[in-house]
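Here the structure is laid out as structure tokens; the discussion comes afterwards.
Computed from heavy atoms alone, side chains included, the values below leave out hydrogens, waters and symmetry copies.
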Amino acid sequence: MEQDKLQLVLQPKYQLTNQSLIGYEALLRWHDSELGTVPPDIFVAVAESVNLGKALDCWVIKTVLNQIKSWQSMGLQPKPVAVNITAKHFSDPALYNFIEAKLSKLGLRADCLQLEITEGVVMDDSPTIQDNLSACRSAGIKVAIDDFGTGYSLLSYLTTLPIDFIKIDRAFIQHLEQGKNLGLVKAMLTMAQALEVAVIAEGIETQQQHELLTELGCEFGQGFFFARPAGLAEIEQSLTQQSDGSV
């Protein structure tokens with residue numbers, strides 16, 4: 001972070017019925033001259049193990065919000081960007097205050113930012129976590145449970161959580177067209193409907209997966225079928241083309 005070696009890419013998210021863009025997920029990339037490309041699941045885990053997870057989150061939040069402000073200053077209209085928050089950070093009472101202060105300083109609306117947290121975080125029945133969830137959603141920041149289905153959620157507990165989305169993990173989407181995990185995905189969609197939260201399917205890679213998820217009633221999705229993660233310059237070019245009416 002100090003040497004500015006981390007890069008931020010954004011993966012677009014779409015409404016499945018008409019393939020309209022609804023937002024982005026911010027993803028971190030690190031290419032080192034000696035180590036090569038370091039997978040994010042490795043370096044984020046290392047960051048958390050040495051108590052740098054919060055610093056990493058703050059770097060991503062600041063970078064995202066600064067970029068949104070820059071784009072808005074250019075007259076562009078970016079969709080909301082979702083940021084993954086590490087487990088320890090969401091139990092920090094200073095999290096919401098940090099986000100609110102940054103939004104206020106830049107003069108940004110809270111709904112330009114979204115947060116993604118894991119099932120393990122929300123299952124920790126901590127008052128601080130509940131306070132952060134409630135404060136974020138009251139301000140207009142939508143919250144998603146990431147990698148849904150890979151943890152240990154209790155349905156009775158999920159009914160009490162102030163969340164907006166659940167994201168079905170890509171592991172359940174792979175080979176969906178061959179019938180694998182079809183029953184589980186149907187159950188997750190039924191559960192989400194009962195909870196009155198929207199669903200985002202991750203890792204959509206084929207036309208068949210897209211069509212099947214649409215038929216099942218899944219509202220949103222992301223994956224290589226639609227678009228790969230893109231650098232900020234590429235996203236800016238796309239936004240500029242949209243603003244000019246050329247796409």
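Across all their heavy atoms, A139 and A110 have their closest contact at O-CB, 3.2 Å. Summarising the geometry of Q114 relative to P80, their closest heavy-atom pair is NE2-CB, 3.7 Å, with the distance given to 0.1 Å. Nearest heavy atoms, V64 versus A26: CG2-CB, 4.0 Å. Here the closest heavy-atom approach between residue N181 and residue A171 is recorded as ND2-O, 3.4 Å. Residues P162 and Q130 come closest through the heavy atom pair CD-OE1, 4.1 Å. Minimum heavy-atom separation, T128 to S91: CG2-O, 3.2 Å.
Listed by chain and number, the residues in a side-chain hydrogen bond (donor to acceptor under 3.5 Å, both in side chains) with E25 are N84, K167, Q222 (sequence neighbours excluded). A search for side-chain hydrogen bond (donor to acceptor under 3.5 Å, both in side chains) contacts involving E2 returns nothing, not counting sequence neighbours. Evaluation of the side-chain hydrogen bond (donor to acceptor under 3.5 Å, both in side chains) rule for Q15 yields T17 as partners, not counting sequence neighbours. Partners of S49 under the side-chain hydrogen bond (donor to acceptor under 3.5 Å, both in side chains) rule, at least two apart in sequence or in another chain, do not exist in this structure. Taking P12 as the reference, Y14, L21, Y24, A227 meet the side-chain contact (heavy atoms from CB on, under 4.5 Å) condition, with sequence neighbours excluded. Taking K102 as the reference, K62, L65, N66, L106 meet the side-chain contact (heavy atoms from CB on, under 4.5 Å) condition, with sequence neighbours excluded. Shown here are the side-chain contact (heavy atoms from CB on, under 4.5 Å) partners of H175, two or more places apart in sequence or in another chain: Q178, K180. Applying the salt bridge (charged side-chain N to carboxylate O under 4.0 Å, His left out) test to K54 and every residue at least two apart in sequence or in another chain returns D92. Remark: T206 engages E177, Q208, Q209 in a side-chain contact (heavy atoms from CB on, under 4.5 Å) (not counting sequence neighbours).
By the rule that hydrophobic residues join a cluster once side-chain heavy atoms approach within less than 4.5 Å of another member, L52 and L6 end up as members of separate clusters. In the hydrophobic clustering of ILVMFWY residues, with side-chain heavy atoms under 4.5 Å counting as a link, I235 and V60 come out together. With hydrophobic clusters built from ILVMFWY side chains whose heavy atoms lie under 4.5 angstrom apart, L182 shares a cluster with F225. Follow the hydrophobic side-chain contacts under 4.5 Å out from F220 and you never reach I166; the two are in separate clusters. Under the 4.5 Å side-chain heavy-atom criterion for ILVMFWY residues, no single connected hydrophobic cluster contains both V185 and I200.
Under a cut-off of 6.0 angstrom, the local environment of CD in Q193 is sparse, with at most 12 non-hydrogen atoms contributed by other residues, nucleotides or ligands.
With S104 contributing its side chain and E100 its backbone, the two residues share no donor-acceptor pair below 3.5 Å. Between the T240 side chain and the E236 main chain, a donor and an acceptor come within less than 3.5 Å of each other. Between the side chain of D164 and the backbone N or O of V143 there is at least one donor-acceptor pair closer than 3.5 Å.
At least one side-chain heavy atom of L56 sits less than 4.5 Å from a side-chain heavy atom of M1. With a 4.5 Å cut-off on side-chain heavy atoms, C136 and L113 do not count as touching. Side-chain atoms of K79 and I22, non-hydrogen and from C-beta on, never get closer than 4.5 Å to each other. No side-chain heavy atom of S243 sits less than 4.5 Å from a side-chain heavy atom of M74. Counting heavy atoms from C-beta on, the side chains of L108 and Q72 come closer than 4.5 Å. Taking 4.5 Å as the limit, every side-chain heavy atom of V38 sits out of range of all side-chain heavy atoms of V46. Side-chain contact between L239 and Q77: absent, with no pair of heavy atoms (C-beta onward) separated by less than 4.5 Å. Residues M188 and V199 fail the side-chain proximity criterion, which asks for heavy atoms closer than 4.5 Å.
Rounding to the nearest 0.5 angstrom, the gap separating the CG atom in L115 from the CG atom in D146 is 11.5 Å. Atom CG of N132 and atom CG of L95 lie 5.0 Å apart (nearest 0.5 Å). Between I145 atom CD1 and T118 atom OG1 the span is 9.0 Å, to the nearest 0.5 Å. L8 CG to T63 OG1: the interatomic distance, rounded to the nearest 0.5 Å, is 6.0 Å. Q67 CD to L76 CG: the interatomic distance, rounded to the nearest 0.5 Å, is 9.5 Å. In this structure, NZ in K13 is found 13.0 Å from CZ in F226, a value given to the nearest 0.5 Å.
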Please set out all donor-acceptor pairs under 3.5 angstrom arising from side-chain atoms of residues 211-219, sequence neighbours excluded.
unit_1 : atom_1 : unit_2 : atom_2 : d
E211   : OE2    : Q207   : NE2    : 2.8
T214   : OG1    : H210   : O      : 2.8

Q: For the pair I85 and I61, evaluate side-chain contact (heavy atoms from CB on, under 4.5 Å) and give the outcome as yes or no after the intermediate values.
A: CA-CA 9 Å; I85 302 296; I61 292 170; 4.0 Å; yes

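For the ring-ring contact (aromatic ring centres under 6.0 Å, His included) condition, no pair includes a residue of residues 51-104, sequence neighbours left out. Listed by first then second residue, pairs satisfying ring-ring contact (aromatic ring centres under 6.0 Å, His included) with a partner in residues 33-58 read W30-F43, not counting sequence neighbours.
S238 and Q242 are linked by a side-chain donor-acceptor pair at a separation below 3.5 angstrom, with hydrogens and angles left out of the test.
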